[in-house]
Colleague: 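First, the structure itself, so that you have it in front of you.
Here is how names work: the chains are called A, B, and so on, in the same order as the sequence lines, proteins then strands, and each is numbered from 1.
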Amino acid sequence: MDESELVERSAATRDMAAFAGLVRMHQGRLRGFLLRMTRGNDALADDLAQDSFLEAWRKIAQYRGDGPFFGWLASIAYSRYLMEARRRKLEPLEDSEEREIETENGQHARLDLERAMAHLAPPERAALTACYALGYSNEEAAKMLSMPLGTLKSHVLRGREKLQMLLQGWERKAMP
Amino acid sequence: MTDELDVRLSNPLPEITDCGFSARVVKHIAVEHLRRVRIEAGVMIAGVAAVLGVLPFTDLGRAIAQAADAMGASVSVAAAFAALVLSAVLAEAVRE
């Protein structure tokens with residue numbers, strides 16, 4: 001059964017087996033997305049993914065099929081992440097943490113995109129992930145992250161600049 | 001650097017292996033679904049009980065009781081019920 005059939009059956013007849021198929025189909029990518037958003041906190045990422053699937057099950061009749069199903073799922077996950085971040089007051093890395101990472105891992109940081117990603121603000125991380133790793137168009141990504149198109153573009157631009165600076169800085173440090 | 005960064009960014013997110021995650025999610029959904037069904041049934045039963053408890057003391061309840069009495073005493077209603085039962089028995093016999 002393909003994705004659209006599974007979605008249709010889940011929404012029309014509340015078919016739990018069909019929804020289980022959707023969970024199996026998308027859990028890997030959704031958890032990967034949340035793992036990046038939570039900066040590698042796999043327990044938190046899994047909790048958020050589980051809550052997102054539960055919310056998706058409750059709201060599946062509201063999915064109108066006007067965009068990729070994973071995008072709809074990821075938009076639920078992203079808003080859950082933002083709520084959790086506000087609740088737990090998850091802040092950007094402190095200066096001291098940043099220095100620690102730079103000095104301890106300077107040699108290995110050259111290829112470490114994830115570590116650099118962890119230094120970006122959540123909307124920058126989410127925008128870059130949606131546009132690059134998930135391969136969505138700017139319009140789809142803006143819809144997924146519930147932000148205006150212009151805001152999304154500036155997050156992508158600013159995020160790329162920061163990544164470039166961080167990675168170049170680490171590369172220079174790693175050079176003998 | 002820009003091209004290299006684009007390539008790195010475009011790498012798909014690492015696929016995380018299931019390791020029982022989907023089963024846990026589905027189990028949670030089933031529990032929530034059951035809880036919701038029970039709540040809905042409870043609300044419905046409470047509603048029906050409330051209506052049945054109050055109905056005999058209202059004008060509407062008295063009107064329904066009178067209508068039921070009248071229907072019970074009516075020959076045409078009895079004939080209609082008999083026709084219904086006979087048709088059902090016949091339909092069952094034909095199906096068999």
Side-chain angles (χ1 to χ4, degrees), chain A residues 10 14 16-37 42 45-47 49-58 60 70 74 110-114 116-117 125 127-135 156 159-168 171, chain B residues 1-55 60 64 81 84-85 87-96:
Chain A
S10 305
R14 307 290 290 160
M16 224 178 282
F19 191 76
L22 290 170
V23 173
R24 278 192 295 275
M25 194 180 279
H26 293 298
Q27 62 83 25
R29 261 202 327 165
L30 192 73
R31 287 161 78 198
F33 171 66
L34 285 165
L35 194 62
R36 178 174 278 180
M37 290 312 300
D42 49 4
D46 277 7
D47 283 350
Q50 182 170 303
D51 291 347
S52 306
F53 278 119
L54 281 170
E55 194 176 332
W57 167 250
R58 279 184 225 120
I60 191 138
F70 183 80
R110 211 160 69 91
L111 297 170
D112 202 346
L113 181 68
E114 292 306 320
M117 275 276 187
R125 220 176 313 148
L128 284 172
T129 305
C131 292
Y132 285 90
L134 298 177
V156 169
R160 281 185 89 267
E161 281 169 9
K162 281 188 195 175
L163 279 183
Q164 224 160 350
M165 274 170 52
L166 278 165
L167 291 170
Q168 277 173 348
E171 265 180 45
Chain B
M1 181 68 192
T2 306
D3 290 345
E4 197 189 322
L5 182 60
D6 282 342
V7 171
R8 279 195 223 175
L9 280 169
S10 300
N11 282 336
L13 290 170
E15 277 282 329
I16 298 175
T17 48
D18 196 305
C19 295
F21 176 84
S22 300
R24 276 199 304 281
V25 170
V26 173
K27 197 176 155 191
H28 268 86
I29 289 172
V31 168
E32 199 196 81
H33 185 68
L34 193 64
R35 196 185 304 143
R36 189 169 283 207
V37 166
R38 280 182 183 157
I39 289 171
E40 281 171 6
V43 168
M44 200 179 284
I45 288 168
V48 169
V51 169
L52 288 179
V54 173
L55 201 61
L60 179 66
I64 290 172
F81 268 110
L84 271 175
V85 171
S87 334
V89 169
L90 263 174
E92 189 62 33
V94 167
R95 200 178 303 128
E96 278 173 10

Colleague: Only pairs of heavy atoms separated by less than 4.5 Å count here; which of A:Leu30, A:Asp46, A:Leu128 has the most with chain B?
Modeller: A:Asp46
Colleague: Going through the checks in order, is the side-chain contact (heavy atoms from CB on, under 4.5 Å) test met by A:Leu167 and B:Arg8?
Modeller: CA-CA 11 Å; A:Leu167 291 170; B:Arg8 279 195 223 175; 3.5 Å; yes
Colleague: Side chains of A:Asp51 and B:His28, heavy atoms from C-beta outward: is any pair under 4.5 Å?
Modeller: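 Not touching, per the 4.5 Å side-chain cut-off.
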Colleague: Let me confirm one number: the CZ-NE2 distance from A:Arg14 to B:His33, rounded to the nearest 0.5 Å.
Modeller: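 Reported to 0.5 Å precision, the distance equals 7.0 Å.
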Colleague: Run the side-chain contact (heavy atoms from CB on, under 4.5 Å) check on B:Val25 and A:Gln27 step by step: do they pass?
Modeller: CA-CA 10 Å; B:Val25 170; A:Gln27 62 83 25; over 6 Å; no
Colleague: I want to check something: taking the side chain as every heavy atom from C-beta on, are B:Leu9 and A:Arg160 in contact at a cut-off of under 4.5 Å?
Modeller: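 Answer yes - side chains close enough.
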Colleague: Is B:Ala30 close to chain A through its backbone or its side chain, or both, or neither, when contacts mean heavy atoms under 4.5 Å?
Modeller: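 Looking at B:Ala30, backbone and side chain both touch chain A.
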Colleague: Looking at every heavy atom in both A:Arg31 and B:Phe21, which two are closest together, and how far apart are they?
Modeller: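 Result for this residue pair: NH1-CB, 3.4 Å.
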Colleague: Non-hydrogen atoms of chain B under 4.5 Å away: do they reach the side chain of A:Ala116, the backbone, both or neither?
Modeller: neither
Colleague: What part of B:Asn11 lies closer than 4.5 angstrom to a heavy atom of chain A: side chain, backbone, both or neither?
Modeller: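 Just the backbone, heavy atoms under 4.5 Å.
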Colleague: What's the shortest heavy-atom distance between A:Ala133 and B:Leu13, and which atoms?
Modeller: CB-CG, 4.0 Å
Colleague: Name the region of A:Phe19, side chain, backbone, both or neither, that has any atom closer than 4.5 Å to a heavy atom of chain B.
Modeller: side chain
Colleague: To the nearest 0.5 Å, what is the distance between CG (A:Leu35) and CD1 (B:Ile16)?
Modeller: 4.5 Å
